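Structure first, then comments.
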Amino acid sequence: MTPMTGAEAMVRMLQLHGVKHIFGLCGDTSLPFYDALARLDHGMQHILTRDERSAAYMADGYARVSRRVGVCEGPSGGGATYLLPGIVEANESSIPVLGITTDIATTSRGRYALTELDQEALYRPLTRRSEVIDRADRLPEAVRRAFRAMTAGRTGAAHLGLPFDVQNGQVPAADVWADADLGSYPSRRARPEADALQQAAVALSSARMPMFVCGGGVVIAGAEPELAALAELLGAPVATTVSGQGSLAEDHPLCLGVVGSNGGTLPTREALAQADLVVFVGCRAGSVTTERWRYPAQGTPVIHIDADPMVPGTNYRTGIALVCDAKLGLQGLLDELNVVQRKDGAALVKAAKERKFADFRALAVKDDVPILPERIVAALHKILPRDATVVCDPGTPCPYFSAYYEFLEAGRHFISNRAHGALGYSMAAGVGAHFGRPGTKTVSVMGDGSFGFTAGELETIVRLRVPLMMVVISNSSYGWIKAGQKTGFAQRYFSVDFSRTDHARVAEAFGVKAFRVDKPENLEGALAAAAEHGGPALVDVLAQPLQDARAPVSEWIA
Ligand SMILES: Cc1ncc(C[n+]2csc(CCOP(=O)(O)OP(=O)(O)O)c2C)c(N)n1
């Protein structure tokens with residue numbers, strides 16, 4: 001067999017792991033890799049972006065909906081630093097994203113070569129694995145290691161650095177092989193311990209009102225059917241974190257919805273307080289979910305199921321820890337629990353939801369100008385298909401959609417970047433989600449602050465004819481921070497306002513079909529027209545500023 005170049009081997013290794021899309025931006029150090037992508041017949045589509053941050057967010061959105069590894073790439077120096085925010089977000093959200101950065105030649109190191117940077121060190125604390133491949137003949141094993149690190153056990157991101165001379169070096173063709181199963185996640189699931197399962201089953205059957213609090217880990221593990229079956233067997237309510245939405249269909253009688261400071265409401269908090277046993281599943285019980293570790297109350301008996309052994313016991317005294325894959329853990333509990341006395345979780349859920357949605361509906365029908373966020377959520381829910389994917393940025397979108405937009409199908413239909421919450425995520429993540437699940441409608445909802453971070457990607461969207469629907473909730477301020485200044489700093493507003501942009505005209509200039517809505521009566525029509533438009537469409541909605549809104553946010557400083 002004739003040897004391949006390092007660049008060719010990288011292309012083949014991605015192909016062998018089942019990669020179909022690569023999101024990225026070109027650079028000098030990437031030229032051999034690009035040339036291999038151009039020359040070889042590999043069946044992968046390269047999606048050229050206008051910013052490496054977007055490339056990483058696209059790979060993240062892609063991975064979330066497709067349950068496959070998302071791949072992004074950028075060159076040395078600025079490319080490597082710009083790719084970083086999306087890699088961090090994916091890693092902290094347990095989403096398998098591979099960031100490939102090309103690098104200066106190993107022979108140029110330490111000689112003030114343009115763009116030189118210790119990429120391995122930069123990415124090491126932020127990924128499951130970071131490796132700059134120093135020798136071409138070690139490339140295949142490094143790629144296999146990265147895929148194992150991303151998809152086996154606790155899932156997350158990985159980084160591979162590809163120096164220029166390594167791209168041109170020789171790789172023995174016989175070493176270019178892969179286990180294609182590692183291209184999707186979770187690839188190697190850990191089983192729960194039998195003893196812990198038995199103890200958990202006893203605790204669940206004897207509890208008066210056990211309640212699940214599900215994080216992103218349920219959907220990552222594809223454990224939605226097991227969760228539904230277990231909740232139904234027990235009659236136990238299911239609450240979720242922001243990332244845990246989709247663990248159970250929201251019209252399920254046991255689905256309480258989102259709890260916590262971002263999207264939780266008083267009725268959901270009070271319902272959670274009724275639990276005499278909380279089962280955290282794939283959930284870190286972090287500051288937002290638990291309203292800074294207060295709800296559920298400390299002292300509530302806890303069972304914790306998580307793939308990461310470090311998570312159970314971090315924030316709550318945990319009676320029983322099941323360190324395993326969520327799907328296998330929940331299935332294990334189902335097998336262990338045969339006949340149980342069903343609890344009346346459905347009544348508790350019904351009462352809480354009635355209270356929550358009565359408040360919401362009263363606001364959603366109001367004709368106030370500027371338009372109320374509640375009205376935007378209600379209108380979108382009415383017009384979008386039930387299997388649509390909604391991607392939300394921080395600011396107004398995340399808490400409002402988490403609290404009030406009912407996702408009627410289990411699975412990944414809601415995406416938000418809850419690990420770091422960087423502004424400017426949703427437009428790019430929506431593009432990635434479209435490529436990951438092209439048959440369904442994808443909608444990105446952003447504040448005008450977020451729009452400013454990401455507007456350049458409208459060109460990518462138009463060039464690739466991505467039928468993404470975008471909604472800008474325009475209030476000409478960094479509203480979330482302004483709300484924090486209102487509630488915590490006696491309305492001393494400082495450096496949070498910016499001028500109004502006509503986002504529809506900006507979008508039109510890029511070739512996007514756009515609508516501007518300032519009157520509530522025009523909202524639904526514009527949203528429907530945008531949704532029906534076959535290509536990219538944007539609706540700019542002049543909305544009530546967040547600091548004046550009745551936002552489902554209990555704390556602005558989480
Ligand atoms: C990259 C980044 N910088 C700063 C923040 C802090 N931050 C959180 S919310 C927010 C304001 C969001 O403004 P906008 O997108 O206009 O939405 P709004 O809150 O007005 O609805 C800011 C600045 C952040 N999340 N990400």
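Reckoned from all heavy atoms, side chains included, excluding hydrogens, waters and symmetry mates. All values reported here derive from a predicted model rather than from experimental measurement. In each ligand, atom 1 is the first atom listed, and ligand 1 is the first ligand listed.
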*Ligand-side contact atoms (ligand 1) for residue partner Gly479, heavy atom cut-off under 4.0 Å*: 13 (O), 18 (P), 19 (O), 20 (O)
*asked:* Under a 4.0 Å threshold between the charged nitrogen and the carboxylate oxygen, would Arg284 count as salt-bridged to Glu92?
replied: yes
*Check each of Val496, Asp497, Ile481 against atom 10 (C) of ligand 1 and report the one with the nearest heavy atom.*
Ile481
*Report yes if Ile473 has an N/O atom closer than 3.5 Å to an N/O atom of ligand 1; otherwise report no.*
no
*Between Asn475 and ligand 1, find which residue part has any heavy-atom pair under 4.0 Å and reply side chain, backbone, both or neither.*
side chain
*Does a side-chain N-to-carboxylate-O contact under 4.0 Å join Arg64 and Asp60?*
yes
*For ligand 1, which atoms sit closer than 4.0 Å to a heavy atom of Thr396?*
18 (P), 19 (O), 21 (O)
*Does an N or O from Phe498, backbone or side chain, lie closer than 3.5 Å to an N or O of ligand 1?*
no
*Kindly state whether the ring of Phe407 and the ring of His413 have centres lying under 6.0 angstrom apart.*
no
*Answer yes or no: are there more than 12 heavy-atom neighbours, outside Arg500 itself, under 6.0 Å from its atom CZ?*
yes
_Could you check whether any heavy atom of Leu546 sits closer than 4.0 Å to an atom of ligand 1, since that is the contact criterion I want to use?_
yes
_I'd like to check which ligand 1 atoms, numbered from 1 as shown, lie under 4.0 Å from a non-hydrogen atom of Gly449._
14 (P), 15 (O), 16 (O)
*Specify side chain, backbone, both or neither for Phe451, according to which of its non-hydrogen atoms lie closer than 4.0 Å to ligand 1.*
neither
*Ring centres of His46 and Tyr34 under 6.0 Å apart?*
yes
*Between His304 and Tyr316, does the ring centroid distance fall short of 6.0 Å?*
no
_I'd like to know if Asp306 pairs up with Arg154 as an ion pair, taking the criterion as any Lys NZ or Arg NE/NH1/NH2 lying under 4.0 Å from an Asp or Glu carboxylate oxygen._
no
*Strictly under 6.0 Å, is that where the ring centroids of Phe498 and Tyr478 end up?*
yes
*When only distance counts, is Leu423 in polar contact with ligand 1, meaning an N/O pair under 3.5 Å?*
yes
*Does an N or O from Trp480, backbone or side chain, lie closer than 3.5 Å to an N or O of ligand 1?*
yes
